[in-house]
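To find a chain, count down the sequence lines: A is the first, B the second, and so on, and within it residues start at 1.
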Amino acid sequence: MSSIDFTHIKPYGDTFGDGAVQLSFTLPVPYGEEAKEAARLLAIKMGLDEVQIYHMKDLGEHYTFFILYGKVAHSIDYTKITVAKIETTRLDYYQINEKIKKEIKRKIVVVGACTGTDAHTVGIDAIMNMKGYNGEYGLERYPMIDAYNLGAQVKNEDLLAKAIEVEADAILVSQVVTQKGIHLTNLTELVELIEGSGLRKNMILICGGPRINHELSLELGYDAGFGSGTVARDVASYIVEEMINRNRN
Amino acid sequence: MSSIDFTHIKPYGDTFGDGAVQLSFTLPVPYGEEAKEAARLLAIKMGLDEVQIYHMKDLGEHYTFFILYGKVAHSIDYTKITVAKIETTRLDYYQINEKIKKEIKRKIVVVGACTGTDAHTVGIDAIMNMKGYNGEYGLERYPMIDAYNLGAQVKNEDLLAKAIEVEADAILVSQVVTQKGIHLTNLTELVELIEGSGLRKNMILICGGPRINHELSLELGYDAGFGSGTVARDVASYIVEEMINRNRN
Amino acid sequence: MGELQLNQSLINKARNAAEKIAEQVDAFIMPRSTVTIERTALRLMGIDGVNDEEIPYVNVLVDQLKENNMLQDGAVSWVCKAMITYGMTPQEVAEAANIDKINWEACRSLPNDETEQLGFQLAEAGLLKIKEQQQKRNQMLEKFGAGKKPYLYVIVATGNIYEDIVQAKAAVRQGADIIAVIRTTAQSLLDYVPYGATIEGFGGTYATQENFTIMRNALDNVGEEVKRYIRLCNYSSGLCMPEIAAMGALERLDVMLNDALYGILFRDINMQRTLIDQAFSRMIISYAGIMINTGEDNYLTTADAVEAAHTVLASQFINEQLAFKSGLPVNLMGLGHAFEINPDLEDGLLLEIAQAQMIRQIFPEAPLKYMPPTKYMTGNIFKGHIQDALFNLVGMLTNQGIQLLGMMTEAMHTPFMQDRQLSIENAKYIMNNSRHLSEEISFKSGGKVEKRANEVLEKATTTLEEIEEMGLFTAIEHGIFADMKRPFDGGKGLEGVFLKNEHYFNPFDELLKRDLGLGVERNE
Amino acid sequence: MGELQLNQSLINKARNAAEKIAEQVDAFIMPRSTVTIERTALRLMGIDGVNDEEIPYVNVLVDQLKENNMLQDGAVSWVCKAMITYGMTPQEVAEAANIDKINWEACRSLPNDETEQLGFQLAEAGLLKIKEQQQKRNQMLEKFGAGKKPYLYVIVATGNIYEDIVQAKAAVRQGADIIAVIRTTAQSLLDYVPYGATIEGFGGTYATQENFTIMRNALDNVGEEVKRYIRLCNYSSGLCMPEIAAMGALERLDVMLNDALYGILFRDINMQRTLIDQAFSRMIISYAGIMINTGEDNYLTTADAVEAAHTVLASQFINEQLAFKSGLPVNLMGLGHAFEINPDLEDGLLLEIAQAQMIRQIFPEAPLKYMPPTKYMTGNIFKGHIQDALFNLVGMLTNQGIQLLGMMTEAMHTPFMQDRQLSIENAKYIMNNSRHLSEEISFKSGGKVEKRANEVLEKATTTLEEIEEMGLFTAIEHGIFADMKRPFDGGKGLEGVFLKNEHYFNPFDELLKRDLGLGVERNE
Ligand code: B12
Ligand code: B12
Ligand SMILES: Cc1ncc(COP(=O)(O)O)c(C=O)c1O
Ligand SMILES: Cc1ncc(COP(=O)(O)O)c(C=O)c1O
């Protein structure tokens, strides 16, 4: 414990370096000793030693559920980890409005929606609606921001059209449903649409949702991505600083 | 679903072959984006795709806990699995006594204990005491079995001495505490002791406990091993059939 | 549980107001029909299948009639005319129309009484199929017994009907009483019902008649094995609400999600459309002996469960009165509510108990569908599992009829096979352990729980009286429910609403009303 | 919670019987001492450390005196004589004795009053250290407050004191109020206390004075940070019960597991030895203001929780009365019981509530230590987590003083770091949600819960009266508790018991009795 070797980080249960992990899954095989052995072999393939199958349950229809613990042999070099992060300073409501006034010298325009067939409005509302989220005002409340919340189940085309209509500085897309990668399809389609329109460089393109993170967003061609727990000031801080930066360059 | 390829068995969540597994562990690194990335990398090393870190929690003292799901790439050839099993027919109380009377023609003698510093008597009592377990009588109740239960925290030496004294046909050892492999040490020591005494071949050596299974027991040099949920008739069936088999050869 | 002292005069007031509201709505509904109601009638006449472009024949027909401005007469009327004119079966008419082989104008001259006679004949035959299914259900229930309440209700939602079956059967073996097949995200806004067995959906599986059949068979089979009647549930909701009700009735579904307001608020379906559709779909549901599940639980996913508790109750009163107008007996009213209070709230459990018990007492004969925590579920599956445990405890304490089991993976994905097993195990453990607890305890008179219940009741009453004053439509425009504002002429599907003309003919409507003892008002 | 109507005359009868039992035991104890009591006195005089063979000097001394048949006079008496004779400190005497440099015979002639004067002096100094620790605790409690009940009690048990510290500090940050360091499996049967910081134990960590210091410091430090006083717990139990009590008192432990019967039943320690040791250890504990935790919960790990419920209550009465005999105030009596009913039992929760609430009412001022499910925990961590949730709910409902948090991994290993966090989270969630529930509900008079409580009470009373009749020793021989039969002369440690002679001198015993207001009976 005394001095940790961060180049070889392993899970920890109660003895430093023990590699303890808990695992559960279902196998499509009938309950029995062979099933248990299959679970054990799988765990070994995953790199576990001292596999203990603590629980198994017949789910019916020849499926068996397992809960097991083991000690993982793999380790991670923590010193080599770099994560793409949004680097902007997190300002508050007042600072943000102040900064827009001083440095951008006009209201900024933001359009947001939850796109595709996704009908989850709570996330985008949390960011945009007046009342906001977790005690933080939403963008609509910012005097220096013109915020248009188109709601849910908005087509990518309609979102882009609105953005063009109001000359948006930033587009905010929310995606909550992720089954079978539907969010990836939706998000990619929007990027392609905007790029096709030739307006990509004029706009800050932001996505968000519980399964979104910044890194994924960059991969998809967005400028930034926000996950669970985001509040309006996180996004607004980013937009304002990014607009100023772009203006400079 | 229709026809399963048992040579490539993978975990199942809701789409056949999806490989879905749930994993949780603690890493000895401070809470943050880097920690999350470390967890993701570890999961990838374990063979997971589409890793989703659904929960992370600062445990304090620079430790972080994770719950994640992913899709494991590994698969198992279920058709190749063979498991060492106890193959004896499971008789009931009456059948067992009957069989001893007919085929062994004398009472058989069994000595049992929970050895070493292990003080868990409930398991060995479940097998040996009159009242038994789960509605099944214990060995003491069998008219054709002389059963000596020495209780817990019995030294291997004392157990062997008692076995010699009463000319035991079988020794039953229970081990419940397994921390730092203490059960392995205890069990191995007993085997060595008995082998040293030259009596190994005269005795059926059986161990049991919640973390014991037949395979492990064979490895340790026991004749059989019994895990959770065992009742007296399981053990008695085995002892009787094994004694008859040995007599034949 | 010892009863809470609720203000009975407030309950009466609230129920009265809701009745007035329902009457206003009913007056609006009466002269109107919708494309999906017409398609429903055609389906019940036996028209099925899709054309080469996957468009259901019922849509082909109704669209043609609408284009030709004939729909106001009622689709059945025209199809009967065509049948007589061409000597065709309903299905043949549909297929012929699809390739423009029906000259509708040529059918116009046919006398109404002849058409209507045929119409009634076909309608009787259609409804007979539903009655037969109902009888079959009753037989099976008699054979196996109705089961202990609360019923354990779980969902399957793989997107693939064959995968759903495996999951459903496993769930039944684990102890589930009701299997609900969740619908794919995209379906509720489709103005047609997809066709055939489907294997691709997002967050759910298409509701198609074939999928209903497949699942019904699977559940009947596994039910035989486990010696229980397994109830099947789907959604009579969205733009095809009555069509799916009819499909459900024909395929012996036992429970259907059906709410007077849900589509308006959560799918932005036009309010006129939804209110008209729900009335007709509920008649079919009533006739089929299906239990409805209303969707008040959804309010608490957007609004706060403590602040908006009274809107749930208000909506339940409205759903109840509207359901009466469609002939639904109270024992088939699975009114919905939910355990959605922020888990960090001190004494949250007291508020949950207050709400659940209050509803139990206000609707003593309704089965009540109790929904689990969803909004405050997180990626912490361990914590989630105990949130669900408290939910199960409250369900048991307050004698709910249907317990929709929460899943520890609620914040992640639709349930994996093991999630459901763990969840059923959770419910059984908690319920068995607290089996007679409700008979043992009583709540302090004038205590926190009782006070809370009366506060909610009072607010609900005020709200209902306000709605009565302004009318339900205006109330929805004002965002009274779930913090959602929906305009009278906005949303999807308004184009499918039309005023019936004086010749409008829909024998199903008439027979259902007759059979359900609802005042038949027909202009002859 | 509304009080249960318990039969007060039964309670009085039971308590009376227990008092009689305690008196019988006390009469047996009075003329006797044990090797560990003698070692305790030497420790409190300041003798510490081990010799080359790792044998503690106190053992060296006591063994020598025993061999020489001098122990009956009391070890303190001889050490004082040696001190005077050789002009040594107590520690020097011990070290000299270790290399056979003390000629005990040569010391014999010293007059008793001189030795005793020195003895009292040393004893006053020894006890002062304990008082100072108590004052320090009181100061810190004043500074940070005593905290909300039930206290969240968690264990650490890595086997390595340094690893334990990390786990303990993390637990404190997560919300733990009491940290118990579990002892290695082998320790309770050692007739000496190991020495120094240790890093190797099985299922627990050695209880050594150094380990106590290390953990006490760690908790004080993290406590400063989180602004709470963190209580430390260890075991005054096994063959060195009073020595460890003394160490705990010196190192400011706040809670100690200490039971009159546990060692007899669960460690097969001789009953005479344990009963004598517990009396002396409890005086130290009382003097130090430490809370004891009794071990009745253990009964239910071997016997059935429903059938043996009354033995728990009976034992609590005995523990209470014996503790009074050692001067322990009732507010330091953490009487133990446990949530160990088979989870498959219908209405099990009702029985659990009955038991917990009954105990709450019978010992209204005792803090009560409530133990979680252990026996029926399985490898199913998800189910385990909800078993613990119900346990937490009952703890809250019945106002327990200390909630020993259950771990979902109970059936597997001593807790991992995350297990503890999840478990604390569980308790906080449940307790916060049901904070005032107990004030809201009352139980049906004459209902299942009340009946069950009175049944258990009745059986316990009968049992106590039987024990009074036959004496505690015989009762244990008959296997009345935990299905365990232990012979009067069997088990471990009997050789360490001896009869004091008329010169027996133990100034700690006398001072403690004086200070605790216990009748000092000394033969002068
Ligand atoms: C509420 C809810 C609903 C409500 C939605 C009401 C409404 N008007 O939004 C109702 C009941 C209608 C609903 C319906 C469905 N739902 Co839903 N629903 C949820 C639930 C319970 C909570 C979601 C929520 O509101 N979270 C609270 C908000 C504040 O969090 P958030 O969305 O993560 O937003 C935050 C951040 O992500 C971020 N953020 C989000 N968007 C954006 C955008 C930008 C630009 C930025 C910067 C930040 C940002 O900031 C927000 C604030 O911090 C979740 C389960 C859960 N507990 O998560 C399921 C869940 C999301 N639903 C699910 C499903 C499948 C459905 C259905 C498709 C089911 C069905 N077949 O009918 C339907 C259909 C909806 C549709 N067509 O999309 C699944 C999704 C599975 C998946 N991963 O694909 C979930 C996970 C439940 C489950 N386990 O099955 N649902
Ligand atoms: C009851 C119990 C106790 C009781 C024991 C009372 C007694 N007289 O036995 C008490 C309270 C005294 C106790 C103490 C301790 N315990 Co303990 N205890 C348990 C508990 C809760 C249940 C065990 C039990 O009785 N199971 C029921 C029986 C019927 O099951 P079983 O033992 O598996 O036996 C069955 C089979 O395995 C098989 N079987 C068993 N033996 C044999 C032998 C043969 C020959 C055969 C054929 C079959 C067989 O048949 C039996 C019937 O089906 C477990 C946790 C749990 N839920 O499992 C912890 C547990 C076993 N204890 C544990 C520990 C660490 C301890 C202590 C060491 C803690 C401490 N430091 O003080 C102490 C010390 C004990 C010691 N010196 O060994 C750990 C062990 C961790 C590990 N894997 O190493 C556990 C897992 C708890 C935990 N999570 O920390 N314990
Ligand atoms: C009443 C009701 N209808 C329908 C649904 C499902 O949505 P959709 O009809 O959009 O598939 C729900 C949601 O759970 C509901 O509560
Ligand atoms: C009262 C009591 N003492 C001691 C212990 C621990 O055992 P040991 O003293 O053998 O370490 C326990 C068990 O939890 C107990 O309840």
Side-chain angles (χ1 to χ4, degrees), chain B residues 22-31 39 55-68 113-126 129-131 133-134 138 149-155 175-186 209-211 227-229, chain D residues 157-160 165-176 182 184-190 200-204 218 222 225-226 265-269 298 301-304 374-375 378-379 381-382 408 411-414 416-422 424-425 482-486 491-492:
Chain B
Q22 172 271 325
L23 199 61
S24 76
F25 54 77
T26 296
L27 290 181
V29 299
Y31 185 87
H55 176 68
M56 55 189 285
K57 174 81 188 170
D58 189 349
L59 299 185
E61 304 293 307
H62 298 310
Y63 285 75
T64 308
F65 174 58
F66 302 91
I67 298 175
L68 56 90
C114 180
T115 56
T117 55
D118 199 329
H120 292 87
T121 52
V122 182
I124 190 75
D125 287 352
N129 282 9
M130 284 285 176
K131 75 172 178 189
Y133 185 61
N134 243 347
N149 182 356
L150 309 189
Q153 298 196 315
V154 174
K155 288 197 193 119
Q175 286 284 279
V176 176
V177 177
T178 60
Q179 269 204 340
K180 321 219 180 214
I182 192 172
H183 62 310
L184 304 177
T185 318
N186 271 342
R211 298 291 148 257
S228 295
Chain D
T158 68
N160 176 331
I165 280 175
V166 179
Q167 303 246 345
K169 283 162 81 180
V172 168
R173 294 188 196 281
Q174 293 149 15
I182 302 297
T184 175
T185 63
Q187 187 169 0
S188 51
L189 301 186
L190 301 180
E200 181 74 17
F202 298 97
V222 70
E225 281 186 53
V226 300
L265 302 169
F266 294 92
R267 289 294 171 270
D268 198 10
I269 294 176
N298 295 287
T301 63
T302 46
D304 179 77
T374 64
K375 184 174 170 179
T378 66
I381 49 180
F382 298 106
M408 63 182 194
M412 310 171 184
H413 47 243
T414 47
F416 285 172
M417 197 184 242
Q418 67 265 31
D419 299 342
R420 222 175 276 107
Q421 187 271 320
L422 290 167
I424 292 171
E425 177 179 272
D483 290 350
M484 298 278 196
K485 296 182 183 174
R486 300 298 187 194
K492 291 132 189 158

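- Contacts between Gln167(D) and chain B at a heavy-atom distance below 4.5 Å are absent for every atom of the residue.
- Residue contact with chain B, scored on non-hydrogen atoms closer than 4.5 Å, involves the backbone and the side chain of Gln418(D) alike.
- In this pair, Phe25(B) and Phe66(B) present their aromatic rings tilted. The plane angle is within the 30 to 60° band.
- A search for side-chain contact (heavy atoms from CB on, under 4.5 Å) contacts involving Thr414(D) returns Asp14(A), Gln179(B), Ala157(D), not counting sequence neighbours.
- Side-chain atoms of Thr302(D) come within 3.5 Å of backbone N or O of Ala482(D) as a donor-acceptor pair.
- Ranking Thr117(B), Thr121(B), Asp125(B), Val177(B) against chain D, the residue ahead of the rest is Thr117(B), based on heavy-atom pairs under 4.5 Å.
- Ser188(D) and Arg267(D) share a donor-acceptor pair across their side chains, judged by distance under 3.5 Å alone.
- Contact of Ser228(B) with chain D is not made at all, since no heavy-atom distance falls under 4.5 Å.
- Counting heavy-atom pairs closer than 4.5 Å to chain D, the top-ranked of the candidates Asp118(B), Leu59(B), Thr26(B) is Leu59(B).
- Side-chain N or O atoms of Lys57(B) include none that pairs as donor or acceptor with a backbone N or O of Ile67(B) at under 3.5 Å.
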